[in-house]
Amino acid sequence: MKHQHLVILGTGGTIAGRAANASDNLGYTAGQVGISELLATLPVPPGAEPVISEQVAQIDSKDMSFAVWATLAGRVSHFLAQPDVQGIVITHGTDTLEETAYFLQLACNPAKPVVVTCAMRPATALAPDGPQNLLDAMAVARHADAKGVVAVCAGTIHSALDIQKVHTYQLDAFSSGDAGPLGYVEEGIVRLVKNWPLANEGRASSAIKNIVELASLAEWPRVEIVMNYAGASGTVVEALLAQGVQGLVVAGTGNGSLHHALEAALLKAQVAGVPVLRSTRCLNGRVLPKPGDGIPDSKGLTPVKARVALILRLLSAGQG
Ligand code: ASP
């Protein structure tokens, strides 16, 4: 049997962050330490498979761009196609981790594990959390049955579908909401409490037909998020329509409720051919549709993930 490889792709984030002072967990610069340097600090278990690492980007994930997504999806699909690659680990900032994870799930729909990991403290911290998260992510990537895009942080495994950053500072910054996590990593052992995620789970259309094409796209579909709140109006939607927005997601209040002025502007957008999805600004639960709703619900996707799904829907429609 061929040696199975793990592939580790670095994109930056706090896990690769550097601060001038080891006790400073805030005043650091993300995306400074190279992926090979991060890997060099980790213990190598006896008999561990060879690791291939690649620096795909070196950014703070607040600055995540379509260009980086295109490169990342290209490298992920390249390595997934290699028969001797067991799985992929991606180091990423926590701020937009859930968007990248969901984008990769939809775009690549992997039958092998793609494990996104991160840290809340920089690599230079007195007690950095990145090395343990990276080790845990590698344990998930080498699990025989693992598949799909998952994220690992603070010993917890989340599906790309359900993960959300819910804390600004604590090490266990993510939650899978009322769906709950997929499982845990304990001393290098994966303990699943749910099944590995099913492809896309019926929430959005399937994989992009040509991942390679993403890199040469001049422009990605412009999809923006608007929010309902006290005193909301239709002016932001009207301004976006005037600028040629191609899709809209609305983060409604409660069960997707909308101020009547905002709703009227969104209905006008739909009539003008701009698709709109209704999600909720609530942290838990999903928008439950009811008869007479003029705007379709996001099938449980959070506003940022509904935006990813709509971007990919528009992209795959463009691919014919
Ligand atoms: N701003 C950082 C990033 O998302 C935060 C982090 O990684 O924790 O890259």
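Whatever order the structure lists them in is the order used to number ligands and atoms, beginning at 1. Hydrogens, waters and symmetry mates are skipped; everything else that's a heavy atom, side chains included, is used.
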Among Thr14, Thr11, Thr100, whose side chain to side chain donor-acceptor pair (under 3.5 Å) with His92 holds?
Thr100

What residues join Leu258 in its hydrophobic cluster, counting side-chain heavy atom gaps under 4.5 Å, either direct or through other members?
Val226, Val236, Val237, Leu240, Leu241, Val245, Leu248, Val250, Leu262, Leu266, Leu267, Val274, Val276, Ile295

Answer whether the closest heavy-atom distance between the side chains of Leu161 and Leu301 falls below 4.5 Å.
yes

Once you measure the plane-to-plane angle for Trp220 and Phe66, does it fall in the parallel (<30°), tilted (30-60°) or perpendicular (>60°) bin?
parallel

Please produce the table of protein N or O atoms sitting under 3.5 Å from N or O atoms belonging to ligand 1, one pair a line, distance to 0.1 Å.
residue: ligand 1; atom: 1 (N); partner: Asp60; partner atom: OD1; Å: 2.7
residue: ligand 1; atom: 1 (N); partner: Asp60; partner atom: OD2; Å: 3.4
residue: ligand 1; atom: 1 (N); partner: Asp95; partner atom: OD2; Å: 2.7
residue: ligand 1; atom: 4 (O); partner: Ser61; partner atom: OG; Å: 2.5
residue: ligand 1; atom: 4 (O); partner: Thr94; partner atom: N; Å: 3.3
residue: ligand 1; atom: 4 (O); partner: Asp95; partner atom: N; Å: 3.0
residue: ligand 1; atom: 4 (O); partner: Asp95; partner atom: OD2; Å: 3.4
residue: ligand 1; atom: 7 (O); partner: Thr14; partner atom: N; Å: 3.0
residue: ligand 1; atom: 7 (O); partner: Thr14; partner atom: OG1; Å: 2.9
residue: ligand 1; atom: 7 (O); partner: Thr94; partner atom: N; Å: 2.9
residue: ligand 1; atom: 8 (O); partner: Thr14; partner atom: OG1; Å: 3.0
residue: ligand 1; atom: 8 (O); partner: Thr94; partner atom: OG1; Å: 2.5
residue: ligand 1; atom: 8 (O); partner: Ala119; partner atom: O; Å: 3.1
residue: ligand 1; atom: 9 (O); partner: Asp60; partner atom: OD1; Å: 3.1
residue: ligand 1; atom: 9 (O); partner: Ser61; partner atom: N; Å: 2.7

Contacts of Asn21 meeting side chain to side chain contact (heavy atoms under 4.5 Å, CB included) (sequence neighbours excluded), chain-then-number -> Ser23, Asp24

Listing request: all ring-ring contact (aromatic ring centres under 6.0 Å, His included) pairs with a residue in residues 131-173, at least two apart in sequence or in separate chains.
His143-Trp196

